[in-house]
Enquirer: 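Handing you a structure now.
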Amino acid sequence: MYSAIVFLPLLGFLIAGGLGRVIGARSCEIVTTAFLMLGMVLSWIAFFQVGYGHQGAELVDLAPWFISGGLRVEWALRIDTLTVVMLVVVNTVSALVHLYSIGYMADDPSRPRFFAYLSLFTFAMLMLVTADNLVQMFFGWEGVGLASYLLIGFWYDRPSANAAAIKAFIVNRIGDFGFALGIFLVFTLFSSIAFNDIFARAPEIAKGSFHFLGFDWPPLTLACLLLFMGAMGKSAQFLLHTWLPDAMEGPTPVSALIHAATMVTAGVFMVARLSPLFEQAPFAQTAVLVIGAITAFFAATIGLVQNDIKRVIAYSTCSQLGYMFVGLGAGAYSIGIFHLFTHAFFKALLFLGAGSVIVAMHHEQDMRKMGGLWKSIPFTGAMMVVGTLALTGFPFTAGFYSKDAIIQAAYVSDREGHVFAFLCTAIAALMTAFYSWRLVFMTFSGPPHWAEAEAHAQDISDAHKPQAGTAFAPAADTSHEHGHGPVHPHESPLVMLVPLAVLALGALAAGFLFKGVFFGDAAEHFWNGSLVFKDEIVKRIEEVPFLVEHTALLMMILGSALAYWFYIVNPSLPGRLAAANPILYRFLLNKWYFDEIYDFLFVRPAKAIGRFLWKEGDGRLIDGFGPDGVSARVIDVARGAVRLQSGYLYHYAFAMLIGVAGFITYFIVMGAR
Amino acid sequence: MDVSFAFFYLFAAVLLGSGFMVVAARNPVHAVLFLILAFVNAAALFLLLSAEFLAMILVVVYVGAVAVLFLFVVMMLDVDFAELKQGFLQYLPIGALIGVLFLIELIAVASFIVSGGKIAGAPLAINAVAQGERNITNVKAIGDVLYTTYVYYFEAAGLILLVAMLGAIVLTLHRREGVRRQSAAEQNARTKLTAVELRKVPFRQGV
Amino acid sequence: MMATALPSILTILPELVLATGALFLILTGAFQGTRSINLVNGAAFAILVVAAIATVFQTSETQTAFNGSFVVDDFARFMKVVTLLGAAATLALAIDEMSRQLQKPFELAILVLLSSLGMLLMISANDLIALYLGLELSSLALYVLAAIDRHNAKASEAGLKYFVLGALSSGMLLYGASLIYGFTGTVSFAGIAAAVKGGSGPGLMFGLVFLLAGLAFKISAVPFHMWTPDVYEGAPTPVTAYFAATNKIAAMALTTRVLIQAFGTDAAEWRQILVFISIASMGLGAFAAIGQRNIKRLMAYSSISHVGYALVGLSAGTQDGVNGVLVYMAIYMAMTVGTFGCIVAMRTKDGSVETIDDLSGLARSQPAFAFVLMVLMFSLAGVPPLAGFWAKWYVFSAAVDAGLVPLAVIGFLTSVVGAYYYLRIVRVMYFDDGPARFVPLSGVLRAVLAVCGIVVILFGLLPSPIVMAAGAAAKSLF
C-alpha cells in the first residue's frame, strides 16, 4: 500500500508525460487526478492505521541504491506517524489541486505537461517525506526543487516567469548547498546517513568535537545549522525568502500546492524529522527560533501593503512558515507540525480561492482593480472568508488551535530568545488579521473598480506587472493604464468549487478534530517516537497566564477591527496614512528593499566578477594558455596519433613487436625479481 | 655423448638455417622449398624423440599438403617479390635493432638459467606415456588420451576447423545464377523415354 | 590411465546449447539455402538468449570440468551473461541490417554463434591450452565476419588485416604460453599459480609479456591496437558492434583470469605493464579520436580508451579492482551496443552513411533518436547521472585504494579530453542545422536503442544491482 501511495504519482507522471500527446489532454487529467485521489484515500487509511492504530514505525525496503566505500544508501520508505501526517497533507492537497486544475487550466494548450509536472512534483515530495536517509531525502528535495522550477516557469514564453523560475532555483541552491554540506558533515560524524543510526548515536556524538579550520566546533550544532540552512532556502525563511513571492508567476494551483501547502513546508518537515539531532544542539534550535520569529514578523509587515492578491497570500505563507519554525525552535515539534497540517488546508484554500477570483476577473490580480465581487461570486467569497477566519485564528477554526499553541509555546519555551519570538509572533498575529481582512475587503466589498476600466486587449495572463521600484498609493490607480475589462465576473465551474469546499471543511474542522492527537493527551502515543515529543511543554502551556493565553485572540480581534476601520468605515485612510509616512510605506511596499540590497550586494558584484573573470581571466589567461593553447596542442597530438595510423600492415605488426620488445627490455633492465 | 645428440645438432642447425633462408631467399619458389626442408628436419627431430607418429603426420600433412599448396599458390600468383622487398632496406635498421634486442634478451634469460638460476616450479616432467611404457605404439598412446583426457581440446579444435571450413566457403563460394551444373541425380533419372526421341526420317528427304 | 568423468551437463549447458545449435543451423542453412535465412537468424538469436538464461540459472558454486580445463564460477557466469546479451543484441542489429541488403548470407548468424561459443570457452578457460583454443575459435570466426561483405573492398581489407595481425598476435601468445609451460612445467592456471608463488624468474616474465601481448591485441590496447580503427571502419557496422561489444568483454575476462588466478602473486610485476598499457590506451584513445570524422573510426578510438579505463581497475589487482572491471565491461557493453545501434540507424534512402556531419540537425528531425544518442554519448563521456559515470567511478576508486593515485588522475584527465569528442557529436545533433535525411527506424532498432538507453539511465540511477552481481563475481576469483 505504501509503495502504491508513493509510486502512483510517478506512474501518473510517466503516463501524462510520456503518452500525453497520444492519449490527449482529457485522459491525462483524468488519469493523474484519479491516481492522486486513490493516493489520498490510501494516505488517510495509512494515517488512521499508523497514527491511531499505534502501528510502530515501519520500513519498506525497495532496493539498494548505491554502495561506495562506507556509504550505503538504500531506497526505502520510512512509515511512521510523521510520515503519514505528511502523506495526508501532500496527497490531499495535491489531489484537490489536480481536480481544481482541470477547471483552472481548461483553456491552456499544454495541459498534459502541466499535469505531468504536478504528478512529478507529488512523487518527489512523497519521496522526500518517506525518506529513510538523508540522501534519499536530498533526492526528493532536489526533485521538488526541479518540479517547482518547471512549474514556476510553466509559461516559458514569459520572461518574468523564466526570471522567477531561475531566481527560485538559484536561491534554493544556496540553501541546498548548506543542506549538502550538512549531509557530508553528518556522514563524517556518524559514518552513516540512515536516520536510525544517526538518531541512536546523536547524544554520544554531541559530546565530541569536530576539528575544522583550526577550530573545535560543536559537531551537532554545526551540522544542524548547515541542515537548517537548507530548510531556510526551501521554506523561504528570512534572508532566503526572496524567491517565494516571485514564484507566484506560476499558475495559481501551483502556488497553492507547492508554494503554500507542501514544498515550502519541506524545511519544517526536515527539522521535525531530525528533531533528535536538533534536540542535542540548543544553539541551532535558538537559531531556528529566532529566524522563524523574524520571518513571521517581517513577512507580515510586507503583506500589509502589497496589492497583488497572490503576493499578499505569498507573504502570508512566508510568515506562517516562520510560525512553524518558531514552534520547532521552541522545542514543540508536534505543534509546529500541527500548524503545518492546518496551514496546508487553509492556505491552499486561500490560494485556490484567489485563483477562482482571478479566473472570475479574467486573470487580473491587482486587488485595487477588484472590489464588490461579493455579489458576483458569493461562493468563492464565502470560501475566502472561511480561509481568512482560519488564517487569522478565529476561535474554533483550524488556525485558532495551531497558531495560539505556537505563540504560547514560544512564551513557555526555555530556549534563549523565546521572549523575542513571543513578541514577534504576537505582533505578527495582529498584522496577519489586518492584511487578511484587507484582502477580503478590497476584493469583495466596496464599490467595484473593474466596471469603470476601459476595454483592453485580451491579455489572458495572470502575470502581475512588476512593481518593485515603482510605488504608487493604493487610491491613485484609477488612471493606471493597465485596466482590464469590461469584465463580467462569474462563478467558477463546479470542478473548481468542490476542492474549495473540501478544503474549507478542513480549514474549519482540522483544528479541533486533531488537536488532541497532535499535542493533546493522546499525543505521546500518536507520535510514537517519530519525532521528539516533550510532554512538559504542553503541560506548561496549560498553565500560562490568562493574558498570554488569549494574546492571539486579542491580536486577531484588534487586527480585524483595524482592517474594518481602514477599508470599510473610512476607505480614504490608508491612502492618507501612506502619504503621511512615505518612507515607511515605500520601505514595506518594496519588501524592505531586499531585492535591491541583494542586487547591490551579490548580483552586481557577482556579475562584475563574472565579467572580469570572463574577459580577463577566461579570455586572456585561461583561453590563451588553456583551451586555445591546450586545444592547439591537443590537435597537434591528435594529428600525430592519427599519422601513426598509416594503414600499412607491416607498420602495425612492427608496432606490436616494438611494444613487446619494449616491455621485455624494461623487465630485463629493471630486473625482475 | 650419444650419437643422437650429434644428430640433434645436425637437424637443429639445418632447421634454423633453412628457416632463415625461407625469409631470405630471393626466389619465392626457393623459399617454399626451404620451408619443406625445415618441415622435414622438424620431423626428424620428432623421430629423435621417438615420436614416430607425429613425425610422419608432419611429413604427410605439412610437406605433402600444405607446402605443396603453397608452391601452387606462389607459382600461380606470380608475386613480384623484388617489388615487395623494396621497402625492406628502409626498415632494415630498426628491424635489425629489434631482432638483436630480442636475441640479447633471450640469451640473457638462457644464461640466467644456465648459470643456475631458479626455474619456477618443478623441472619438466616428461610425459609418462612417452617415457614409461615403451612397448605401446605412438598411435595407441595418443589415442588413449586424445579422446578421453583431452576430449575437450579435441572438440574445441574440431569446432575451430569447422569455422575455418565455413569461413572459406562464405568468403569464396560464388553462387552464380544461370550456371549449368552437373546434376548426377537428374542424369541418372533419365530414361530412354525422356531422353531419346525417335523419328521416322522419310527416305531421301532430309530432316 | 585416467578415466575421464564426463562433466555434469549443467556445467557446460550454455556451451552445449551454442555448439549444437550452431551445428543444427549449419545443416539447415546448407540444405535450405538462402530461403532459410529468417529461420536461421531467428533461431540463432533464440539460441543466444537461451544460453544466457541457462547461464543465469547455473549454480553459483565454482565447478570445473574436463580435468580442470574448464571452470564455471560467478566470474565466468557474469561475463558470459554480458557477452551473450551483447551478442544477441548485435545479432539483432545484424539481422536488421541484413534485411536491407541484397546479400543475405545465412552463415553470419552461425559465425556469430560459433564465435560466441569461443568467447564462452575463453571466459571459462582454466589452462593455457583451453585459453588458446577458445581464443582461436572466436578469432577465426571474427576474421571471417569482418570480411563477410566480400563485395566491399574495405571489408575485405579489414578482414585480411585483422587476420594477418591476429595470426601474429596468436603467435606471440603461443610463444608466451610455451615459455610459461617451459618454466613452470604445467599449463593449468592453478599449477602456474603454485609455481609462481615461489618467485618467478626473468624467463617466466618473458613468457608473461608475450602472453599479455596476445591478449592485449584482443582487447585492442595500445600498442597492440593498430588494427582496430581500420577494421572497425571497414567491417559492416553490426559486425563492428559485435567486435566492440562482445569480443573485448571475453578477452578482458580472460586477461583478468590469467593475471589474477595464474599470476596473482606476481601482481607487482605485471602491474607495471598494465599501468603503461592503460595510460597509453586512455591517452591515445582520447587524443586520436578528436581528429576523426567517421563515427565508426571514432568509436574504435573510443573503445581503445575504454579498455584503458577498464585496465585501470585491473591494474589495482584487488578484488575491488576486478569488481570495477566487471562493472565497467557490463556498462560498456550496453553503451557500445546502443551507440552502434544508432550508427546502424544512420540510413538514408541511398544507403548507410557514417560521418559525424551526417548527424547534423538530427535533434529536430528525429528527436527521440537524437535523445538516445545524446544519453549514450554523455554516458560514454562519464557524465554523472548516467551509468558510464559509475563505471569510471568504480575503477578509479579501486585504483586509488590500491595506491595508484597518479593512474586515476591521468584517467580522469584523459576522460576530460575524451568528453570533447563525445560532446561534439551532441553539438552537431542539437546545434547544427541539417536536413532530415534518415529513413525511419525499424522496430528492431527502436527496441535495441530503447533498451540500451533505459539500461544506461537506469543503472545510472540505480547502479547497485549490477555492482552487487559484479561484487559476487569478483569474489569468486580470489
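Computed from heavy atoms alone, side chains included, the values below leave out hydrogens, waters and symmetry copies. Just so we're on the same page: letters track the sequence lines, and every chain starts at 1.
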Enquirer: Is A/L657 in contact with chain C via its backbone, its side chain, both, or neither, using a 4.5 Å heavy-atom distance?
Expert: both
Enquirer: Looking just at side-chain N and O atoms, do C/Y162 and C/D230 make a donor-acceptor pair shorter than 3.5 Å?
Expert: no
Enquirer: Could you check whether C/R297 makes a cation-pi contact with C/Y301, meaning its NZ or CZ is under 6.0 Å from the centre of the six-membered ring and within 45° of the ring axis?
Expert: no
Enquirer: Does any heavy atom of chain A fall under 4.5 Å from the side chain of C/Y420, the backbone, both, or neither of them?
Expert: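 No part of C/Y420 comes within 4.5 Å of chain A.
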Enquirer: Take C/Q272 and A/Y666 through the side-chain hydrogen bond (donor to acceptor under 3.5 Å, both in side chains) test and state the conclusion after the steps.
Expert: CA-CA 10 Å; C/Q272 302 169 30; A/Y666 173 81; 2.7 Å; yes
Enquirer: Counting heavy-atom pairs closer than 4.5 Å to chain C, which one of A/G659, A/A655, A/G662 comes out on top?
Expert: A/A655
Enquirer: Are A/F179 and A/F138, when compared by the centres of their aromatic rings, separated by less than 6.0 Å?
Expert: yes
Enquirer: Does the structure place the NZ or CZ of A/R113 under 6.0 Å from the centre of the six-membered ring of A/F154, at an angle of no more than 45° from the ring's axis?
Expert: yes
Enquirer: Quick one, A/F35 and A/L11 - any side-chain contact, counting heavy atoms below 4.5 Å?
Expert: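 In contact.
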Enquirer: Between C/L208, C/L165, C/L168, which shows the greatest number of heavy-atom pairs under 4.5 Å with chain A?
Expert: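 Top count of heavy-atom pairs under 4.5 Å with chain A: C/L165.
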Enquirer: How would you list, by chain and number, every residue that makes a side chain to side chain contact (heavy atoms under 4.5 Å, CB included) with A/I193, sequence neighbours excluded?
Expert: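 A/I193: side chain to side chain contact (heavy atoms under 4.5 Å, CB included) contacts with A/L71, A/V73, A/N133, A/L134, A/V135, A/I183, A/F187.
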Enquirer: Taking 4.5 Å as the heavy-atom cut-off, does anything in residues 465-474 of chain C contact chain A, and if so which residues?
Expert: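 Expected list: C/M468.
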Enquirer: Evaluate the ring pair (Phe, Tyr, Trp, His ring centres under 6.0 Å) criterion for residues C/F263 and C/W270: first the C-alpha distance (whole Å), next the side-chain angles of each, then the deciding distance (0.1 Å), finally the verdict.
Expert: CA-CA 8 Å; C/F263 291 91; C/W270 52 255; 8.6 Å; no
